[in-house]
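Only one structure is covered here, and it is reproduced in the block below.
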Amino acid sequence: MKIDSLETLFVEELRDVYNAEGQLTKALPKMAKKATSEELRSAFEEHLEQTREHIERLEQVFETVGKPAKGKTCEAMKGLVEEGSSMMKEDMDDNVMDAALIAIGQKVEHYEIATYGTLRTWAEILGQDEAVDLLQQTLDEEKETDDRLTELAESTINAEATAGEE
Ligand code: FE
Ligand code: FE
C-alpha cells in the first residue's frame with residue numbers, strides 16, 4: 001500500500017500506537033507484580049488504568065477521522081516489552097529490580113511521548129482539532145507518568161539499590 005498523504009501516514013501511526021497501548025495493558029500488570037516498592041507498584045497500576053483510557057481516546061480519534069479502530073503490530077513496543085521481560089528474569093535484589101523496572105517504564109513512556117507528540121503535531125497540520133485535544137490529553141498523562149517515575153528513581157529506590165551486598 002502506498003502511503004500517499006500525511007493523513008494516511010497519520011492513520012498508520014494511530015494503528016501502531018493503538019497496538020502499542022494494547023501490548024502495555026499486558027505488560028504493566030507484570031511490572032506491577034514484580035515491584036517491591038508500594039509507590040512503584042501503585043504508579044504502574046494507576047498507569048494501567050490510564051492506558052485503558054488511552055485506548056479509548058485512540059478509538060475516539062479513529063472516529064474523528066472516520067477510520068475503523070484497528071491496530072498494526074508495533075515492533076518497537078514489542079522490542080521494549082521483550083527487553084523488559086528478559087530484564088525481569090534476571091537475578092536481582094528487590095531494590096535493584098525496582099530500579100530496573102523504572103528504567104523499563106521510562107523507556108516505554110519516552111517512546112509513547114515521541115509518538116503522541118508526533119501525532120498531535122500531525123493532527124494540528126491536518127486541522128483535526130478534536131484529535132489534537134484527545135492526543136494532547138494522553139501526551140500530558142505520559143509525561144506525568146515519566147516525571148513520577150523520575151521522582152521514584154531519585155527517592156528511596158535507587159539510594160537503597162546502591163547500598164549493594166555487604
Ligand atoms: Fe499510553
Ligand atoms: Fe504510558
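Just follow the structure's listing: the first ligand is 1, and inside any ligand the first atom is 1. None of these values were measured; they are calculated from a predicted model. Computed from heavy atoms alone, side chains included, the values below leave out hydrogens, waters and symmetry copies.
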Regarding [X] and [Y], does a basic nitrogen lie under 4.0 Å from an acidic carboxylate oxygen?
| X | Y | result |
| --- | --- | --- |
| K78 | E82 | no |
| E39 | R148 | no |
| E38 | R41 | yes |
| E7 | K67 | no |

When you check the space around the Fe ion (ligand 2), which protein N, O or S atoms turn up under 2.8 Å?
H47 NE2, E109 OE1, E109 OE2, E112 OE1, E142 OE1
Would you kindly say whether E112 and H54 are connected by a side-chain donor-acceptor distance under 3.5 Å?
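No, no side-chain donor-acceptor contact under 3.5 Å.
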Residues Q23 and N19: side-chain donor-acceptor under 3.5 angstrom
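N19 and Q23 do have a side-chain donor-acceptor pair below 3.5 Å.
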